[in-house]
Amino acid sequence: MRFSFLNLAKQALSAHRHWPEQWRFPEPKAEYDAIIIGAGGHGLGTAYYLAKEHGMRNIAVLEKGWLGGGNTGRNTTIIRSNYLWEESQGLYEHSVKLWENLSAELNYNVMYSPRGVMMLAHTVHDIQVFKRHVHANRLQGIDNEWLTPEQAKEFCPILNISSNMRYPILGAALQRRGGTARHDAVAWGYARAASAMGVDIIQNCEVKGIRRDLNGAVSGVETTKGFIGTKKIGVVAAGHTSVIMSMADVRMPLESYPLQALVSEPVKPIMPCVVMSNTIHAYMSQSDKGELVIGAGTDAYTSYSQTGGLHITTHTLDAICELFPNVRRLRMLRNWGGIVDVTPDRSPILSKTPVKGLYVNCGWGTGGFKATPGSANVFAHTIAKDEPHPINAAFTIDRFKTGRLIDEAAAAAVAH
Amino acid sequence: MLLIPCPHCGERPELEFRYAGEAHIARPADPSSTSDQEWAEYLYFRSNPKGLHIERWRHVSGCARFFNCVRDTVSDKILKTYPAGQPKPDLAVVLKEAGQ
């Protein structure tokens with residue numbers, strides 16, 4: 001059932017008790033044309049675009065837990081495309097353009113809010129790097145502008161720009177089209193739209209093995225719900241990508257780390273934008289519920305524990321208290337961790353693999369949410385056509401062999 | 001925060017250490033005859049296991065020495081540490097010694 005004013009009025013007459021389920025809960029069929037492993041935003045989006053743009057409706061998304069329960073439901077929802085290299089700008093800008101119309105396209109309010117993303121500079125090096133980003137972005141037609149500390153404070157009035165900070169703010173780069181979206185709604189919106197087109201979303205179904213035929217091509221997956229045949233598998237498993245890929249004997253240039261986030265008690269609107277600081281390592285925005293959403297860093301060591309060290313979050317809160325002195329007495333309500341898969345060059349991998357019929361979308365590290373629609377869109381193309389879209393052509397596994405890395409370490413959301 | 005038993009100094013908090021990635025990855029002995037694929041394997045490809053991981057740590061705020069550590073990446077529990085240079089331990093034996 002579409003969400004519309006008419007349907008809203010109709011359902012209101014029966015006190016909203018008769019809205020249908022938003023997606024089906026099917027049992028797996030014996031065989032599908034393609035299987036996506038991982039029902040997060042990127043995986044569900046991939047299924048949606050496979051069905052919508054490539055006519056592949058006999059497909060399934062397998063999920064170990066519940067849909068949207070991994071990093072899609074654990075991130076700080078920041079959206080931006082102010083990356084340094086042309087390859088990244090192409091990919092992330094493709095995504096931002098899809099964000100702009102996503103609610104209408106999915107008939108589901110993903111609450112995309114282009115409220116502006118401001119990245120703070122605290123050192124001379126920061127100024128040089130961010131100005132380089134501003135120029136690189138503008139050459140590609142991507143908005144990004146340089147602000148003085150006073151202009152930064154005007155844009156975000158609770159910011160502390162005094163000179164007596166340990167790391168005073170020397171300027172900021174602002175992408176006005178950047179912003180936030182409702183992370184759960186992205187997963188739910190894609191799931192609902194994909195399910196409506198016939199995509200089977202199978203939750204509580206863990207992949208235990210990848211079966212291959214005599215020529216080495218994939219022939220199906222072993223799962224906790226039995227064997228499911230398929231000729232094409234798209235792995236979109238974030239922190240668990242190495243684990244899944246090892247089932248097909250493919251080694252990955254990935255390491256998985258815990259990344260933490262936390263939210264404060266809700267308060268009235270005090271923060272009109274997203275503020276990020278790579279150097280002192282803090283980022284913050286305010287959700288529509290009023291909670292301040294704060295991103296911390298990764299732990300030092302690889303782990304699958306979905307928890308991180310408390311010293312990591314307290315380090316971030318030190319920086320938050322310095323940047324925003326008026327939030328010092330707020331209490332933190334919740335703190336959680338997710339497992340992020342990090343590549344050596346901090347750029348993702350959207351690629352075919354040495355195994356025929358096996359495709360992988362991974363390596364988003366600490367900043368995959370922003371790319372959800374764009375990543376899903378070009379990955380669906382890669383699976384359907386068995387060749388990459390021009391936008392993701394550079395994001396191969398092979399780049400680690402050829403040396404054509406896309407080094408975004410300096411542009412990533414966190415200091416590495 | 002982890003409590004890490006440095007083989008030289010004993011148990012110390014994680015803040016005294018620096019993580020240094022997967023252990024027992026040998027630099028190619030003859031660089032000029034090493035293929036691109038072998039370089040990529042050496043530089044970038046990692047086992048990244050869900051389970052026992054053998055990794056290097058450096059006790060930067062203590063003895064400043066590198067050592068190796070066997071840790072379970074699901075529970076973050078450290079099963080064994082040993083000085084650098086010792087051969088890779090048999091993980092089945094490590095598990096047995098740790099009583100698991």
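Chain identifiers are assigned alphabetically (A, B, ...) following the order of the sequence lines, protein sequences preceding nucleic acid strands; residue numbering begins at 1 within each chain. When reading the values below, keep in mind they use all heavy atoms of this one structure, side chains included, and skip hydrogens, waters and symmetry mates.
- The candidate from E14(B), E55(B), H53(B) with the greatest count of non-hydrogen atom pairs under 4.5 Å with chain A is E14(B).
- Here the side chain of R251(A) pairs a donor or acceptor atom with the backbone of F45(B) at under 3.5 angstrom.
- Heavy atoms from other residues, nucleotides or ligands lying under 6.0 Å from CZ of R18(B) number 12 at most.
- The number of heavy-atom neighbours closer than 6.0 Å to CD of E86(A), taken from other residues, nucleotides and ligands shown, is 12 or below.
- To the nearest 0.5 Å, atom OH of residue Y301(A) and atom CZ of residue F17(B) are 13.0 Å apart.
- Counted within 6.0 Å of NZ on K50(B), heavy atoms from surrounding residues, nucleotides or ligands total more than 12; the atom is thus considered enclosed.
- The local environment of NZ in K225(A) is crowded, with over 12 non-hydrogen atoms from other residues, nucleotides or ligands closer than 6.0 Å.
- Atom NE2 of H125(A) sits in a sparse spot, with 12 or fewer heavy atoms from other residues, nucleotides or ligands closer than 6.0 Å.
- The choice from E41(B), M1(B), R46(B) that makes the most heavy-atom pairs within less than 4.5 Å of chain A is R46(B).
- In this view, T307(A) and S305(A) satisfy the side chain to side chain contact (heavy atoms under 4.5 Å, CB included) rule, not counting sequence neighbours.
- Listed for the R71(B) side chain is no donor-acceptor partner under 3.5 Å among the backbone atoms of S303(A).
- Put simply, the side chain of M252(A) does not reach to within 4.5 Å of the side chain of N48(B), judged on heavy atoms.
- When all heavy atoms are compared, the tightest approach of L15(B) to H311(A) is CD2-CD2, 3.4 Å.
- Y44(B) is not listed as a side-chain neighbour of T343(A), based on a closest heavy-atom distance of 4.5 Å or more.
- Ranked by heavy-atom pairs shorter than 4.5 Å toward chain B, the options I312(A), I339(A), L254(A), D299(A) are led by L254(A).
- The nearest pair of heavy atoms linking S242(A) to S47(B) is CB-O, 4.4 Å.
- Within residues 395-405 of chain A, the residues having any heavy atom closer than 4.5 Å to a heavy atom of chain B are I397(A), F400(A), K401(A), L405(A), listed by residue number.
- Summarising the local packing, OH of Y167(A) is surrounded by 12 or fewer heavy atoms from other residues, nucleotides or ligands at distances under 6.0 Å.
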